[in-house]
Number of protein chains: 2
Amino acid sequence: MVSPDTAEAPYARVKRFLKDGLERGEWPPGALMPSEAELVARFGVSRMTVNRALRELQGEGLVERSQGVGTFAAQRHRLASTLTIRDLHEELAARGQQHEAEVLLKAEEAAPPALAERLGLAPGAPVFHTVIVHRADGLPLQLEDRYVNPAAAPGYLDVDFATTTPTHYLLQVAPLWEAEYSVEASAASAEEARRLAIAEGDPCLVVVRRTRRLDGPITIARLVHPGARYHLEGGFRP
Amino acid sequence: MVSPDTAEAPYARVKRFLKDGLERGEWPPGALMPSEAELVARFGVSRMTVNRALRELQGEGLVERSQGVGTFAAQRHRLASTLTIRDLHEELAARGQQHEAEVLLKAEEAAPPALAERLGLAPGAPVFHTVIVHRADGLPLQLEDRYVNPAAAPGYLDVDFATTTPTHYLLQVAPLWEAEYSVEASAASAEEARRLAIAEGDPCLVVVRRTRRLDGPITIARLVHPGARYHLEGGFRP
DNA sequence: AAGTGGTCTAGACCACAAT
DNA sequence: TTGTGGTCTAGACCACTTG
């Protein structure tokens, strides 16, 4: 009779062995780590198996490998941390809060030159523009000022944003995309303060998000949150 | 004569095929994707090869797989975005700016209960506490208020922080770690304003970072940045 | 030439889910 | 029972780096 819970996949054993060693500082950053052949001998597994362990560690940024040379403990300096920026509606739903969206503007406009460039359009070309206040249980949480490339989402203006988040709709229309974020703190303008029910000059967390697909930019959104009511959380990918 | 550049690894071909299909919306979120056996037949490769392609797509969050059921196009809702929070010194060095650090406090203190709990210590146990102002070309960019678990970095107080960043030192002492972040906007206190050469109440971007290893918390840092002079950037992991 | 990683194969056994 | 993914093997060929 075997104990099934004790069973750990061989590749996982190899991986854990290496990870533990790294964590204990056995191989300081830059140090040469055991070769695949050594690990094959030590663990009595096939090369594919240790290869998988090493490849995964590489994907996690814990080791660096180069053909013909060897595997090395990674330099753990440039820390890339993952901050989760979720769709507000989902975030609120997860917390069991009521989400309301008030549409302040929903129009087609002529893109000013600076915006046109960022959206990959000709100056003066039509863009979709929406401004929406999102509230959680009645309290304003986000002022969303968004421009959308009509080519990427022709039906954007027909969406009922009281029931569908722009993010949600755009995800459906343009499933796989890339995004760039910028996060900063700034003081609320008079307009923003009014929309968010805070005082002018109050600190706000501002997220600017630009998304693209291969064929060009999709949308640029400026999300303004009252500093006192909103924060981002995240973790480090080990 | 063969063209060597045309050579694409079979697993990469399979992966690209699937990725392209996802991008074109061929398999909308939740849709059943081709099974390993189908891909084996279609591409004439071994199962290990298509398995690798699928496993990597899974790692990238593009598909979801479950044993006995199948592979499905991922729900692209919960977007995990990577915001890079780099060591300030490196960030400035990359921009060619001069980094100076002024140590305002460097002491061992008794941990108040709330802090002790977050650092996994007994209330009143000794903690290391440093407060440092970081400047770029003479302009204050960050006020770093940090508590360190003495067990994780016994030599912390002996470090010359004019030449070595706390982050840098801690990375050496505790190579592999995990971190949690919280980012928010808040108004500068009188003390913070003075240290950062801004006005009281000015918006600040505040990053709270807590790091741990398996054996316990290492450090908690509160990093306050003038909103007008600092912002975070990041991208979306496709 | 020797050692390294990069990749592929053609089978295999298993756990799991749906039927 | 059938089909799915999860994993492993024991070889193999190749490209690359170093001596």
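Protein chains get the first letters and strands the later ones, always in sequence-line order, with residue 1 at the start of each.
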**Q** Look at B:Ser66 and D:dG5 and indicate whether a side-chain polar atom (N or O) is within less than 4.0 Å of OP1 or OP2.
**A**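 No, because none of the side-chain N or O atoms of B:Ser66 sits under 4.0 Å from OP1 or OP2 of D:dG5.
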**Q** Take a 6.0 Å sphere around CD of A:Gln58 and say whether it holds more than 12 heavy atoms from other residues, nucleotides or ligands.
**A**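 More than 12 within 6.0 Å, yes.
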**Q** Nearest-Å distance, CZ (A:Arg13) to C1' (D:dT7)?
**A**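 Going from CZ in A:Arg13 over to C1' in D:dT7 covers 14 Å.
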**Q** Measure CE/A:Met48 against P/C:dA12 and give the value in whole Å, please.
**A**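 Interatomic distance, CE of A:Met48 to P of C:dA12: 18 Å.
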**Q** Could you state the CE-C1' distance from B:Met33 to D:dG3, rounded to the nearest angstrom?
**A**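 Going from B:Met33 (CE) to D:dG3 (C1'), I get 18 Å.
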**Q** Send over the distance from A:Arg65 CZ to D:dT17 C1', rounded to a whole Å.
**A**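 Rounded to whole Å, this separation is 15 Å.
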**Q** Please state how far atom CZ in B:Phe72 lies from atom P in D:dT4, giving the value in whole angstrom units.
**A**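 It works out to 11 Å between those atoms.
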**Q** Within the pair B:Ser46 and C:dA10, is there a side-chain N or O less than 4.0 Å away from OP1 or OP2?
**A**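 Negative; the distance criterion is not met.
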**Q** With nearest nucleotide decided by heavy atoms, which residue, A:Arg55 or A:Val69, maps closer to the 5′ end of DNA chain C?
**A**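 Of the two residues, A:Val69 wins.
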**Q** Does B:Thr71 make a side-chain N or O approach to OP1 or OP2 of D:dT4 shorter than 4.0 Å?
**A**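 No, no such contact exists.
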**Q** Any N or O donor-acceptor pair under 3.5 Å from the base of D:dG5 to the side chain of B:Arg47?
**A**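 Result: at least one qualifying N/O pair found.
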**Q** For a quick check of understanding: with a heavy-atom distance under 4.0 Å over all strands, which category does B:Arg52 fall into, base, sugar-phosphate or nothing?
**A**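 Counting heavy atoms under 4.0 Å across all strands, the contact made by B:Arg52 is with sugar-phosphate only.
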**Q** A:Gln67 has a side chain; which of C:dG5, D:dG6, C:dA10 sits nearest to it?
**A**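 My answer, after comparing the listed nucleotides, is C:dG5.
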**Q** It should be established whether A:Thr49 places a side-chain nitrogen or oxygen under 4.0 Å from OP1 or OP2 of nucleotide D:dT9.
**A**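 Indeed, a polar side-chain atom of A:Thr49 lies that close.
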**Q** Should the ring pair A:His99 and A:His89 be called parallel, tilted or perpendicular, given that the plane angle runs from 0 to 90° and is split at 30 and 60?
**A**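 Plane angle between 30° and 60°, so tilted.
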**Q** How long is the line joining CD of B:Glu56 and C1' of C:dT7, in whole Å?
**A**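 Spelled out: CD on B:Glu56 to C1' on C:dT7 is 12 Å.
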**Q** Rounded to whole Å, how long is the line connecting atom CG of B:Leu54 with atom P of D:dT4?
**A**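 Answer to the nearest Å: 12 Å.
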**Q** Starting at CD of B:Glu8 and ending at P of C:dG6, how long is that distance when rounded to a whole Å?
**A**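 Rounding to the nearest Å, CD of B:Glu8 and P of C:dG6 are 17 Å apart.
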**Q** Pick the nucleotide of DNA chain D nearest each of B:Ala37 and A:Tyr11; which residue has the one closer to the 5' end?
**A**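 Taking each residue's closest nucleotide, the earlier one in sequence belongs to B:Ala37.
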**Q** Which label fits B:Tyr230 and B:His225: parallel for a plane angle under 30°, tilted from 30 to 60°, or perpendicular past 60°?
**A**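 Because their plane-to-plane angle is under 30°, the rings of B:Tyr230 and B:His225 count as parallel.
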**Q** In terms of the angle between their ring planes, are B:Tyr156 and B:Phe161 parallel, tilted or perpendicular, with boundaries placed at 30° and 60°?
**A**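 Aromatic pair B:Tyr156/B:Phe161 classed tilted.
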**Q** We want to know whether A:Arg47 and A:Asn51 form a side-chain donor-acceptor pair, criterion being a heavy-atom distance below 3.5 angstrom.
**A**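 Result is no, nothing qualifies.
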